[in-house]
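These notes concern the structure reproduced below.
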Amino acid sequence: MKNEFKQVVVLTGAGVSAESGLSTFRDGGGLWENHRVEEVATPEAYDRDPELVQRFYNTRRKALKTVEPNVAHKTLAKAEKCFESFLLVTQNVDDLHERAGSKKLLHMHGELLKMRCVQCHKIAPIHEDLQLDRICEHCERTGTLRPHIVWFGEMPFYMDDIMRALMQCDLFVSIGTSGSVYPAAGFVEIANQSGAKTVEINLQRSDQNSHFQQSIQGLASQTVHDFFESITQF
């Protein structure tokens, strides 16, 4: 069977990782240690209490060691080889897509397994706890390292690349995302304007569901494989 689509953009959100056992926090009212997630994921929160913010991300980083990629992650890694052009854009900060084998991948909200110096802006890998007194190996300053994460109020990464891909794609698939956080929530409109087919795969209808041409409800671990199997040769 010949692929109907040639240029594909896929967006994934917390719902994909949740099936591997990673908390989305929103399920529990958005609380972590009785703090609103927004209170530990902003530049202002870091200025006010950097130790609390670092502990939040250290906890999340440790959680990665307890989970494995699920069928949805593995399906997307397989799907990227089936199209002339394929880009996976994830709002997730975990490494499950990489561990499943994805290569054509952009983390628009950053990565838990990276840290960034606010002085020299160098990015480096980290797999252990990030301590406040850690010395940057590049500029040798102390106390300048923060998680390489896009906090609320900050601009997501790779927006130029993402917008270019959306304006050129003929298929846009959104998987496991609430459709409530911009700019990702607006991706479907850009894809629609570009003439692409737009598909939402989610446990329940998202805030942007009415903008999609096709809507599929169900667990990502089940529906993602079935969808891509239906449009390509697996």
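Values below: all heavy atoms of this structure, side chains included; hydrogens, waters and symmetry mates excluded.
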Side chain to side chain, L145 and L130, heavy atoms closer than 4.5 Å: yes
How many angstroms lie between atom NE2 of H73 and atom OG of S17, to the nearest 0.5 angstrom? 4.0 Å
Determine whether more than 12 heavy atoms belonging to other residues, nucleotides or ligands lie under 6.0 Å from atom CD of E51. no
Locate the shortest heavy-atom distance separating C82 from T232; write the atom from each residue and the value. CB-OG1, 3.4 Å
Tightest non-hydrogen contact, residues S20 and V67, listed as O-CG1, 3.2 Å
Evaluate M108 against V150 for side chain to side chain contact (heavy atoms under 4.5 Å, CB included), listing each step before the verdict. CA-CA 8 Å; M108 64 179 294; V150 175; over 6 Å; no
Looking at K103 and E80, is any side-chain nitrogen of the basic one under 4.0 Å from a carboxylate oxygen of the acidic one? no
Verify side-chain hydrogen bond (donor to acceptor under 3.5 Å, both in side chains) between S194 and Q168, making sure each step is shown before the conclusion. CA-CA 7 Å; S194 303; Q168 296 174 349; over 6 Å; no
Do S206 and S178 meet the criterion of a side-chain donor-acceptor pair at a distance under 3.5 Å? no
To the nearest 0.5 Å, what is the distance between CG (L166) and CD1 (I190)? 5.5 Å
Would you list the pairs meeting salt bridge (Lys or Arg N to Asp or Glu O under 4.0 Å) in which at least one residue belongs to residues 154-165, sequence neighbours left out? R146-E154, D161-R164
Can you tell me if R61 and N58 form a side-chain donor-acceptor pair at under 3.5 Å? yes
Could you give me the CA-CA distance, side-chain angles and deciding distance for V8 and V10, then say whether side chain to side chain contact (heavy atoms under 4.5 Å, CB included) is met? CA-CA 7 Å; V8 179; V10 176; 4.0 Å; yes
Mind checking whether R99 and E68 have side chains closer than 4.5 Å, heavy atoms only? yes
Applying a strict under-4.5 Å side-chain criterion to I, L, V, M, F, W and Y, I'd like to know whether L132 and V53 cluster together. yes
Quick check on the hydrophobic clustering: are F228 and L87 connected, directly or via other members, by side-chain heavy-atom contacts under 4.5 Å? no
Find out whether E19 and L219 are in side-chain contact, i.e. whether some heavy atom of one side chain is under 4.5 Å from a heavy atom of the other. yes
Is F86 reachable from V224 through a run of hydrophobic residues whose side-chain heavy atoms are each under 4.5 Å from the next? yes
State the OG-CG distance between S221 and N70, to the nearest 0.5 angstrom. 6.0 Å
So, the side chain of T42 versus the backbone of E39: is there a donor-acceptor pair under 3.5 Å, distance only? no
If you define the side chain from C-beta out and look only at heavy atoms, does anything of W151 sit under 4.5 Å from E44? no
If two hydrophobic side chains count as joined below 4.5 Å and joins carry through other members, does L203 share a cluster with I201? no
Verdict with supporting geometry, R55 and D129, salt bridge (Lys or Arg N to Asp or Glu O under 4.0 Å): CA-CA 8 Å; R55 190 167 76 248; D129 285 354; over 6 Å; no
Does some side-chain heavy atom of M115 sit less than 4.5 Å from a side-chain heavy atom of C136? no
Check: D133 side chain, G143 main-chain N or O, donor-acceptor pair, under 3.5 Å: no
Search all heavy atoms of N202 against all heavy atoms of G176 and return the closest pair with its distance. OD1-CA, 3.3 Å
For residues H109 and P156, determine if any side-chain heavy atom of one lies less than 4.5 Å from a side-chain heavy atom of the other. yes
Within this structure, what is the CG-NZ distance for the pair L112 and K62, rounded to the nearest 0.5 Å? 13.0 Å
Of all residues at least two apart in sequence or in a different chain, which pass the ring pair (Phe, Tyr, Trp, His ring centres under 6.0 Å) check with F157? H148
Within-4.5 Å side-chain heavy-atom neighbours: D170 and E4: no
Just how far is it from atom CZ of R205 to atom CD1 of I216, taken to the nearest 0.5 Å? 11.0 Å
Between F172 and V188, does a side chain to side chain contact (heavy atoms under 4.5 Å, CB included) hold up when you go through it step by step? CA-CA 7 Å; F172 172 67; V188 61; 4.0 Å; yes
Do F56 and L64 sit in the same hydrophobic cluster, where Ile, Leu, Val, Met, Phe, Trp and Tyr count as joined when their side-chain heavy atoms come under 4.5 Å apart? yes
Shortest non-hydrogen contact from Q91 toward A184: OE1-CB, 3.5 Å
Interatomic distance, NZ@K197 vs SG@C169, rounded to 0.5 Å, equals 13.0 Å
How far apart are the C-alpha atoms of M163 and F187, what are their side-chain angles, what is the distance that settles it, and do they pass the side chain to side chain contact (heavy atoms under 4.5 Å, CB included) test? CA-CA 8 Å; M163 290 301 171; F187 288 176; 3.9 Å; yes
Side-chain heavy-atom pair N92, T12 within 4.5 angstrom cut-off: yes
The side chain to side chain donor-acceptor pair (under 3.5 Å) partner of H107 among H97, K114, E98 is E98
Identify the two heavy atoms, one from F212 and one from T198, that lie closest to each other, and give their separation to 0.1 Å. CA-OG1, 3.6 Å
Whether the side chain of N192 engages the backbone of H211 through a donor-acceptor N/O pair (distance < 3.5 Å, no angle test) should be reported. yes
Could you pull out the closest heavy-atom pair between S102 and L88, with the gap in Å? OG-CD2, 3.6 Å
Quick check on Q217: does its CD atom have over 12 non-hydrogen neighbours (other residues, nucleotides or ligands) under 6.0 Å away? yes
